[in-house]
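These notes concern the structure reproduced below.
First the proteins, then the strands, lettered A, B, ... as listed; each starts at 1.
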Number of protein chains: 4
Amino acid sequence: MSTTRPGRSRSEEARQAILLATRDELAERGYDKLSLDRVAAAAGVGKQTIYRWWSSKAALVAEGVLEGHLMPGLAAPSPETDSDDVWVDVASWLRDFGRALAAPSTAALLRATSAATAEDDEVAARYDEQLTTVTRVALEARFTRAVASGQVRADAPTATAVEALVGLLSYHIVTRRDITEATIDGVVRLLRDGVGG
Amino acid sequence: MSTTRPGRSRSEEARQAILLATRDELAERGYDKLSLDRVAAAAGVGKQTIYRWWSSKAALVAEGVLEGHLMPGLAAPSPETDSDDVWVDVASWLRDFGRALAAPSTAALLRATSAATAEDDEVAARYDEQLTTVTRVALEARFTRAVASGQVRADAPTATAVEALVGLLSYHIVTRRDITEATIDGVVRLLRDGVGG
Amino acid sequence: MSTTRPGRSRSEEARQAILLATRDELAERGYDKLSLDRVAAAAGVGKQTIYRWWSSKAALVAEGVLEGHLMPGLAAPSPETDSDDVWVDVASWLRDFGRALAAPSTAALLRATSAATAEDDEVAARYDEQLTTVTRVALEARFTRAVASGQVRADAPTATAVEALVGLLSYHIVTRRDITEATIDGVVRLLRDGVGG
Amino acid sequence: MSTTRPGRSRSEEARQAILLATRDELAERGYDKLSLDRVAAAAGVGKQTIYRWWSSKAALVAEGVLEGHLMPGLAAPSPETDSDDVWVDVASWLRDFGRALAAPSTAALLRATSAATAEDDEVAARYDEQLTTVTRVALEARFTRAVASGQVRADAPTATAVEALVGLLSYHIVTRRDITEATIDGVVRLLRDGVGG
DNA sequence: CAGTAACCGAGACGGTACGTCGAGTCTTACA
DNA sequence: TGTAAGACTCGACGTACCGTCTCGGTTACTG
């Protein structure tokens, strides 16, 4: 049995060009005004080549934007980068995110992606998976390590704490509020008292 | 000196019809596929009458949906309805919201509105004001009363607690997750420990 | 018995302003792009004042343009201005018309009026009456005087000659051809031989 | 070197459908009320397909109506159909035209086309070319043959005679007057005396 | 090593909606 | 009652995209 098919094979070059053009358009104009005609032109590609591989605008956004292209350099907590203090790590992660959100193009991209979730269940699912679950898992793992080191109570509702953190980000993306030091300070105090050991 | 102008005055009837039709279209099709042609037809109104008073789809959504039409019957905490226990009240408010969100048309409407925030700063500001500030103020007032009754510490970051609550809602709207009893329970535990007296 | 009615009486000033504004718009933009909104604004008049007195765009053009405002200073032949030679008079009249037609605004006005005839039977009838019949009657009268002086045969088809002259004008209006001296010369020769005595 | 371009080629079927629908609309409603929306719908074509190939309503009329679709079966004089007598041929041609003009839809079409000339120089030029030049050339050729057979004087202003004939038609189109036998008789007498040998 | 199947850029197609303009009607405050 | 102002419904404008289809042409597996 063979996995290869006859005929010309898919152009990876075209695929990349499409995804990049999509991201640029999305950052510049938002989801609603994203035009596949423009994407095709910018990518130097025929429109059919887009529709051959993605079923709709939403699907393109789902793959192109959410699979890694979305948040370059936004490091979730990981064992390698842990400090001694879980609250320092949480604050630092929030601060990184706040900085990323302060860049207009990143903020626009996040808002556009968030908007795309409303149009399509598939996109919503991937948004939840990629943007959210990845982050949630990393944060929960950090809390688990903090439980081990005694900084967080074993019976604390850490899942909820993580959900509150992610929700906070979602909320700041939508409302365009900055993530200030006061916000970070409040969050850390709330969590330290709420789940701390 | 007179405040009246010559000419026919704005038709309140048309205004209401437009806002209602907008809400219905929004719930049924979402923001992206909302057509002002259809809204005009459904409202029995000329398209120009829409454009005369609202500068864009986003502005229409901002006014029509956020000014009261959005969440009929979702009572924020108020002194009249307070129970003895602030946590019971918070849990009850979350449960109400969860029930509202479980109705497909309400969920669709909230998602659509949330998506609209991405397209327009004005909408984002009104969304923040109406959905969020109103709710936030009510919740903060409830916590203030809870401080008076000794259920919440005076120095606790109640503002952040409120923000976390609102963010949680925003997040569940976007990701289509239900608000379960487990979620509610976790939130209450987190807050009770985080800000409780 | 009184002929006056209660209430404010019709403003002749407004009527004149409307007719003048109509003529200007018509010369500048043509019949198709004539806008009553613009006419009302230019005349400093409410739109309803136009519709109170004229039933439609075409009716306004019919009255405003065809009743005297159309061809200022284009003298048809008359006993007072007759020369001794009917052919000199015909040539002179054609030459005057050619000069008027050479002015872009006059040509535009004539073309616009001609176009208006296509839209409305009423306008067509008035065009025939005003522009055409007046001219035709004057020309036929001139020929009658020429018959008396022996320059034109009594049994000649003068009505047809006149119709040919008017048709020639109509044709030059539509096709934008200039009326040259060669044309005038040809016409005079044709008629002199065709109807001359 | 290749003359073909990539991409789907223009649909001749769509082109024909558009031109036919235009002609029908024009005959039914006239130039002013001609709606490209309706033409597109009647032709089963997207509106953009019209605008892709024609720059304006006037250009569409210019091509669609004047290129052959206008006067099916209105035979201009030609050597094959000549009788012995040029005046019989002229009278016969006028009579044919009069009959065509008596049909309401033909008359409406001619009026609409005539109106279209007022809006656009291009249309005016094509109108002059098609309706007029074709006819003029045929008539002038007939007169030339009549000169050869001695029925028309060699030094007669035949060009003017032809112009008068065409102008007469133009004038009857605009004023909606029928072309009667009396008119035909007058014209023939005028010309016979005016240019006859 | 010719066929042929699947890809590619280009671009026209039938549609839907946009946001604007204008026609003709209706309503208000004032003269 | 007439008038300027101006909002109203309706319908067409010309443009922008959507998602599909059709060209001529390019790989790359297959018989």
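Across all strands, W53(D) comes closer than 4.0 Å only to sugar-phosphate atoms, never to a base (heavy-atom distances). L34(D) comes within 4.0 angstrom of sugar-phosphate atoms only, judged by non-hydrogen atoms across all strands, and of no base. Within the nucleic acid shown, T49(C) comes within 4.0 Å of sugar-phosphate atoms alone, with no base atom in reach, counting heavy atoms only.
Summarising the geometry of T117(C) relative to R176(D), their closest heavy-atom pair is O-NH1, 2.9 Å, with the distance given to 0.1 Å. Smallest separation of non-hydrogen atoms from V39(C) and L34(C): CG2-CD1, 3.8 Å. Taking both residues in full, the closest heavy atoms of A40(D) and G46(D) are given as CB-C, 4.3 Å, listed atom of the first, atom of the second, then distance.
The base of dG14(E) has none of its N or O atoms less than 3.5 Å from a complementary donor or acceptor on the side chain of K47(D). One can find a donor-acceptor pair under 3.5 Å joining the base of dT26(F) and the side-chain atoms of R8(A). Not a single donor-acceptor pair, N or O on each side, falls under 3.5 Å between the base of dA10(E) and the side chain of Q48(A).
Atom C1' of nucleotide dC21(E) and atom CG of D32(C) are separated by 13 Å, given to the nearest angstrom. For I50(A) and dG11(E), the CD1 to P distance is 15 Å, given to the nearest whole Å. Between the CD atom of E12(B) and the P atom of dC8(F) there is a distance of 11 Å, rounded to whole Å. The interatomic distance linking E25(A) (CD) with dA16(F) (C1') rounds to 13 Å, in whole Å.
For R38(D), a side-chain nitrogen or oxygen approaches OP1 or OP2 of dA12(F) to under 4.0 Å. Between dG24(F) and R5(D), no contact under 4.0 Å exists linking OP1 or OP2 to a side-chain N or O.
Contact check on R15(D) versus E12(D) returns a salt bridge, with a Lys/Arg side-chain nitrogen under 4.0 Å from an Asp/Glu carboxylate oxygen.
Judged by closest nucleotide on DNA chain F, G44(C) is the one of S56(D) and G44(C) placed further toward the 5' end. Each of D37(D) and S55(A) has a nearest nucleotide on DNA chain F; the 5'-most of these lies closest to D37(D). Annotation: of the two residues near DNA chain E, L36(C) and S9(B), the 5′-most nearest-nucleotide partner is L36(C).
For R10(B) and W53(B), the positive end sits near the middle of the six-membered ring, less than 6.0 Å away and at most 45° from its axis.
Distance from the side chain of V45(B) is smallest to dT9(F) among dG15(E), dT9(F), dA23(E).
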